[in-house]
Amino acid sequence: MGSSAAEIEAEIESLREELRHHEHCYYVLDSPEISDAQYDAKMRALKALEEAHPELLTPDSPTQRVGGRPAEGFRKVAHSRPMLSLDNAYSAEELADWDRRVHELAGELPVRYAAEMKLDGLSLALHYEAQPNGDARLVRGLTRGDGQVGEDVTGNVRTIRSVPLLVSAEKLRVAGMDGLPGFEVRGEVVMPIASFRRMNEERERAGLAPAANPRNAAAGTLRTLEPNIVAQRRLDCYAYFLLIAGEYAAAGQTAALQTLETLGFRVNPHRTSCATVEELLAFLERVEAMRPTLPYEIDGVVVKVDAQATQLRLGYTGRAPRWAIAYKFAARAGVTQVQEIEVTVGRTGKLSPVAVLRPVRIGGTTVERASLFNADEVARLGVRVGSWVMVERGGDVIPKITQVVPRPSKPEGENEIVESAEPFHMPTACPVCGTAVQQTEGEVDSYCVNTDCPARLAQSLLYFAHRGVMNIDGLGEVLVEQLTASGLVRSIADLYTLTLPQLVELERVGEKSALALLQQIEQSKQAGLTRLLMGLGVRFVGERTAELLAGAFGSMEAIAAASEDELMAVDEVGPKVSASIRKFFANERNQALVERLRALGLKMTAEKKQRSTELTGLTFVLTGTFPTLTREEAKERIEAAGGKVAGSVSKKTSYVVAGEEAGSKLAKAQELGVAVIDEIALLAMLATRGSEAH
Ligand code: IVH
């Protein structure tokens, strides 16, 4: 059945509209609504239509441009040459098609491939300028922006430790690059998964919505106007292009990466040189196997024609080079049905909707629940009981619903339910204790205000015991449930009066674990003012604020007695935070709790020089030779930051730090799925933010 010219024109226009919208979401808002694969499918559909109807092609079509527009707020700077995108292949066939085209176009020129990991971050252009003494200095860092014009984020880029601020004359000489006025390096900025988790934990504690994935978190971070915050987030940058005066500067990609390494840039070590599709597929398989243990996210492999001469022959399409392709992993997403929307109660009493899903396999695990964050998110997505939804697993363990999708024509599995006619509404009473919930004017979240609500108590205890807070190992969900249900614990302070006979009375609690728990509880009395402040669960007081308060006031008494103005005199403490602190300490129950904790012997003063808590609770295993630190130095620095160093790798190991010629420990780490990092990552972790309280 043929379509009329008018219909085709309308179809083209609507695809263009959609693509523009999604580009805006992706590039400007850092909040994509559809997956890359869906975006590409739409782009392909538009391209195909325009190819079939060249008379309808217009210069402003998204097929003719690179991307969306840069966000407001930073100076716009034109790129030395456009920062293009990559075409994608999703199957071995598509890769083989591309390989065939490359060979056709290359003619007699050599075709070998340089394959690298496709890091899931955002691209960055770094400009270096020669100094009179022959060194080259970082003068500008630009985001990709719309590909033609980027945003100047130099101040933020300077805080990224893997970006050299200076490249010495000596290094330039060794690389054969002396005497140049300058050069440019392009690469990918990523947020390591560990930093991402830490950032989201902190955001959650401060009552903020978590970032959706490390890529968004990295993009958002790079665009914050506060370099201090960027420094805390520990971004990382991997270089992949070297340009001189806007031209690719090496004989080929392999040579460029070697030169970049010589110059001191971080280059991803997982790369290969090969000639055939078979070899590429084997590399892809190896990379996919490594994926779960990598400390950062990747979404595929980038294959580049190695020789520059061949690249030049192949040239470019509008938005991507013909000499490179991204082979994307199958998306870690799946479609399933929402069976129920449960509402959980957090320690602050905040109600959070959670979708209970028909179990669906995504990327090797079965997903049964997904967070919906808050009522606004539910409304934005339009999710209701019975909705079919797209679920994605990002860098975080908690899967997310990205959109509502039409009911599949043949839904797999059983227990399909009929979609509710009613949109979802947050309950007006606490689902656990039944107390009427409250919602502050202008706020999204609603709260159970009953401070005795069992759900709130259980969550408060779990939070109090958390590793980053009072660090009471062994006080997990099951035990908390037992302690609260039995009435042994009705308040945080009751933890400190627990006895051995009481604990062993509980089901499945042995004498050994009970003793260990009591010891942990006893030890936590010394956690110090910052941790205790966090542990009390004052709204908006996360780690950073607690540290600042402890540093400024020195004791719990002083903080409790401080006026809102005095609190606001502390750097970074605004009216919202200070009001919340005042409200907390004005409450008689809280006053009684603090007094009881004091009487029980909990430390309520800040030490002059508090030990950095950055690595507390983490165990490291060192293997191989590091570029700058000796093993002994590495060990000392980890221990000084509160971490432990062990001799052998086990499931309890947090990180294996691997250097050159790492041996069996590295293999063991990979086998157990323990994260492997290098010295640079270790140094980044150690680079505390001057957090010692005074
Ligand atoms: S080459 C014109 N190499 O993927 C060449 N890109 O989907 C494009 N990316 O915008 C860049 N890892 O942000 C290249 N090893 C790698 C990459 C990589 C990640 C990103 C980059 C690019 C996007 C295209």
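Since the model is a prediction, treat every value here as computed from it, not as a measurement. Read the numbers this way: they start at 1 and go in the same order the structure lists the ligands and their atoms.
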* Would Tyr296 and Tyr238 satisfy ring pair (Phe, Tyr, Trp, His ring centres under 6.0 Å), going step by step from the backbone distance to the final call? -> CA-CA 11 Å; Tyr296 42 76; Tyr238 290 87; 5.3 Å; yes
* Asked: Is Lys47 salt-bridged to Glu50, cutoff N-O under 4.0 Å?
  -> no
* Asked: Would you say Ala324 contacts ligand 1, with heavy atoms under 4.0 Å as the rule?
  -> no
* Just checking, is any N or O donor in the side chain of Arg233 or Thr221 under 3.5 Å from an acceptor N or O on the other one? -> yes
* **Under 3.5 Å side-chain donor-acceptor pair for Thr143 and Glu151** => yes
* Does the cation-pi check pass for Lys118 over Phe329, that is, NZ or CZ under 6.0 Å from the six-membered ring centre and within 45° of its axis? -> no
* Asked: What is the nearest protein non-hydrogen atom to atom 17 (C) of ligand 1, stated with its residue, atom name and distance?
  -> Tyr240 CE2, 3.5 Å
* To do: Compute the minimum heavy-atom distance from Met83 to ligand 1 and say whether it is under 4.0 Å.
  => no
* To do: Determine, considering heavy atoms only, which of Lys304, Arg319, Lys118, Gln253 sits nearest to atom 3 (N) of ligand 1.
  => Lys304
* For Glu116, is at least one N or O under 3.5 Å away from an N or O on ligand 1? -> yes
* Asked: Between the side chains of Ser80 and Glu184, does any donor sit under 3.5 Å from an acceptor?
  -> yes
* Tell me which part of Tyr238 gets within contact of ligand 1: side chain, backbone, both or neither, using heavy atoms under 4.0 Å. => neither
* **Within-cut-off N or O pair, Met117 and ligand 1, under 3.5 Å** => yes
* Salt bridge or not for Glu377 and Arg380, using N-O below 4.0 Å? -> yes
* Return yes if a side-chain donor-acceptor contact under 3.5 Å exists between Arg112 and Ser273, otherwise no. => yes
* Counting only heavy atoms, which portion of Val302 has something under 4.0 Å from ligand 1: side chain, backbone, both, or neither? -> side chain
* Asked: Which residue and non-hydrogen atom of the protein lie closest to atom 12 (N) of ligand 1, and at what distance in Å?
  -> Leu119 N, 3.1 Å
* Please identify which atoms of ligand 1 are closer than 4.0 Å to at least one heavy atom of Pro321. => 2 (C)
* To do: Classify the side-chain pair Asn88/Tyr327 by whether it contains a donor and acceptor separated by less than 3.5 Å.
  => no
* Structure fact -> Closest to atom 21 (C) of ligand 1 among protein heavy atoms sits Glu188 OE1, 3.1 Å
* Asked: What protein heavy atom sits nearest atom 10 (O) of ligand 1, and how far off is it?
  -> Ser123 OG, 3.7 Å
* 4.0 Å heavy-atom contact, Ser85 with ligand 1 -> yes
